[in-house]
Structures are given as C-alpha cells and as structure tokens.
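These notes are about the structure you will find just below.
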Amino acid sequence: MLFNTFIHLNGIGEKNEILLYNEGICYWDDLLKAEKVPFLGEKELLRLKEEVRESYTKFAEKDINYFLHRLSKKNAWRIYKEFRKYACFLDIETDGHCGMDSDITLIGIYDQNGYRAYINGKNLMSFEDDILKYDMIITFNGGLFDFPVITRYFRTRYFKDIAHIDMRFVCSGLDNNFRGGLKSIERKIGLYRPKEIANLDGYDAVKLWKRYRCGEKGCLDLLMEYNKYDVLNLSRLTDYMYEYGVNIMKDKGLKLKEEE
DNA sequence: TGCGCATGACCTCCACACGT
DNA sequence: ACGTGTGGAGGTCATGCGCA
C-alpha cells in the first residue's frame, strides 16, 4: 500500500488522493508518467513528481520515519506491508506503581522467529541491545504508555527516534467501531485467547507479578502466557487492519494491478 | 492578465482515551 | 488515578480554475 499512498506528499490530502485514484493514478509510477492531472497545476505536478522520486530514494534507504513523519498516526498502517519484515511487536508489563515511574516487570517481543520475554531480575537488561536489531516497533498505545515507561526505565533517548506504529490510532482511524482497548477490538474481529488467560487484564498482570515475587509457583508462566498473547494477537490484529484498510481504499477508487 | 470563487490543506486549541 | 499524544472542530491560508 506504500506505493499507492500519496497523502505523504505536500499538498495532497485524503480528498486529493481519492481524486488521483479516480484519474487512474493509483501507483507512484502512474503519477511519474502523468502529463496532466485536471486538478493540479503544471508546477504543482512537477513538484509532486520530485517528491515521488524522493519517496523512492527514501524507500531504498529504508528510511521508515520519512514516511511515518509525513503520515498521520491513523494512516501509519499503509507502510506496514513493505517494512514488516524489519519490525517487532512489543508489549510491557509493570508493577503498577505511580504511572510512568513504575518498574518494568516483563517485556515481550514477537517477530518472525516467535516470542521472546525479558524478565526483571533475569534477562531484562539484554532488552536494550536486542531491540536495536529492529528498524520498527509496533505497539498498542505504546506512544502513551510503553515508550515513556521504557525511556524512563532504561534512561535512553533511543525510543524517541525509532520508527513506531501505534495500532491504537490505526484502529480508531480505520473504523469508529475499533475504538477501545486491545482486548475489546480482538473480540470484535474474532481473535481469542486460551481460557486460562482469557479474562486477565493489566491489573491481573500486576497481581501475578507480586505473587511470583512471593514465591508462588506458576505465576510467572501465566504472566508470560498473558504477555505472549498480547503481542501475538497484536500482530494478528495488525495484519487484519492492513487488509481492512486496503479494502476501504479499494471502495474509494483504488485499483490494484493484481491481488497483492 | 487579473479578479473572485471554490476547494482543500494547514494551524491551533481542547477533550478524550488508553495502558498497567 | 495518572500522563500525554492524538483527532476533531473551527477558522485561516494557499492554490487552481473559470471568466472577462
């Protein structure tokens, strides 16, 4: 969908993008080949072509933030397919203390190789090195919760620069029905969790950690299972929302060359 | 060429919503 | 309960087009 996106170009908003689609300009290449576009002046068209050439360069350079900074958060899904192989899904659990100053108890990462947990008191400090391997992080509400907490906990500025898709704003942007928390959206699109963790929420994760610290057996495994389904279902949700977004654009006039 | 109109982008402010 | 970035609303600015 990245190569069908024009709203990252200066002067092109969602309405103009649909007008481009209706003119048969559905790919960056179509715009480069266009000699005249009814609602664009000659100078405007030349400038847009220059920006499309720049977009190709930025794509080749894997400059994900170039696109994310030019797209609103709700439209970040458009770059997902082209860059997902460089991404991981991330979710943290905390001890629930004092908002942003809370201690991280567990960080879960899910990528092409599967799930990995970083646990406080065990391997949490290796998270900082491992996360550098990724060019993009996908979270749910991470911009407001996970990222600030991690930044304070590790005292790192790194997270301010890394490419980030926050699915909370993607979901609510695609459909009003997808407003709400991760778990409620999961249910709406037919994603389910094993029954032993089906009714757990963030507060339960805090309680599980406390019980684990008191020596209660099985609590850490259950907490990890909870966290694992947070990131696993986040990846399924992202795939779903990408297809959902593409279908919306098709309804608005986007014509794809083949089923992609 | 210059004017006025129409359309869409952009800017600012504020309430909202989500995570644990 | 807290922190905080976002989208929406409303107003302003910029650009293209049609007409004389």
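In what follows, every chain begins at residue 1, and chains take the letters A, B, ... in the order their sequences are listed.
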Apply side-chain hydrogen bond (donor to acceptor under 3.5 Å, both in side chains) to A:Y134 and A:D111, showing your working.
CA-CA 10 Å; A:Y134 301 96; A:D111 65 11; 2.4 Å; yes
In terms of hydrophobic clusters joined by side-chain contacts under 4.5 Å, are A:Y203 and A:Y226 together?
no
Integer-rounded Å distance: C:dG5 C1' and A:D146 CG:
14 Å
Of all the nucleotides listed (B:dC18, C:dG7, B:dT20), which has the minimum atom distance to the side chain of A:R168?
B:dC18
Over its full length, what angle do the end axes of the helix from B:dT1-C:dA20 to B:dT20-C:dA1 make, each axis taken from five pairs and the result rounded to 10 degrees?
30°
Is there a path of hydrophobic side-chain contacts, each under 4.5 Å between heavy atoms of I/L/V/M/F/W/Y residues, joining A:L254 to A:F6?
yes
Separation of C:dG7 atom P from A:L71 atom CG, nearest Å, is 11 Å
Please compare A:L45 and A:K73 by the position of their nearest nucleotide in DNA chain C and report the one closer to 5'.
A:K73
Nucleotide B:dG8, atom C1' - distance to CD of A:E17 in whole Å:
14 Å
Are OP1 or OP2 of B:dG19 and a side-chain N or O of A:K183 less than 4.0 angstrom apart?
no
Starting from P on C:dT4, measure out to CG on A:D166 and report it in whole angstrom.
15 Å
So, for A:G108 and A:V231, which heavy atoms are closest and what is the spacing to 0.1 Å?
O-CG1, 3.7 Å
Go through it in stages, so that I can follow the logic: the residues are A:Y80 and A:W77, the test is ring-ring contact (aromatic ring centres under 6.0 Å, His included), and I'd like the CA-CA distance, side-chain angles, deciding distance and then a yes or no.
CA-CA 5 Å; A:Y80 172 60; A:W77 63 272; 9.7 Å; no
Among the nucleotides C:dG8, B:dC18, B:dT20, whichever has the atom closest to the side chain of A:N141 is B:dC18
Test side-chain contact (heavy atoms from CB on, under 4.5 Å) applied to A:L2 - qualifying residues, sequence neighbours left out:
A:W28, A:F59, A:F67, A:I79, A:E82, A:F83
Within the structure shown, what part of the strands sits under 4.0 Å from A:D201 by heavy-atom distance: base, sugar-phosphate, or nothing?
nothing
Using the six-membered ring wherever Trp is involved, compare the ring planes of A:F89 and A:Y110 and label them parallel, tilted or perpendicular (cut-offs 30° and 60°).
tilted
Can you tell which of B:dC18, C:dG7, B:dT20 lies closest to the side chain of A:L144?
B:dC18
note: A:Y203, atom OH; B:dT20, atom P; distance rounded to Å ~ 10 Å
For the pair made of CZ in A:F178 and P in B:dC18, what is the distance, rounded to whole Å?
14 Å
Integer-rounded Å distance: C:dG16 P and A:L20 CG:
14 Å
Rounded to whole Å, CG of A:L182 lies from P of B:dG19 at a distance of 7 Å
DNA chain B nearest-nucleotide lookup for A:G180 and A:I12: closer to the 5′ end is A:I12
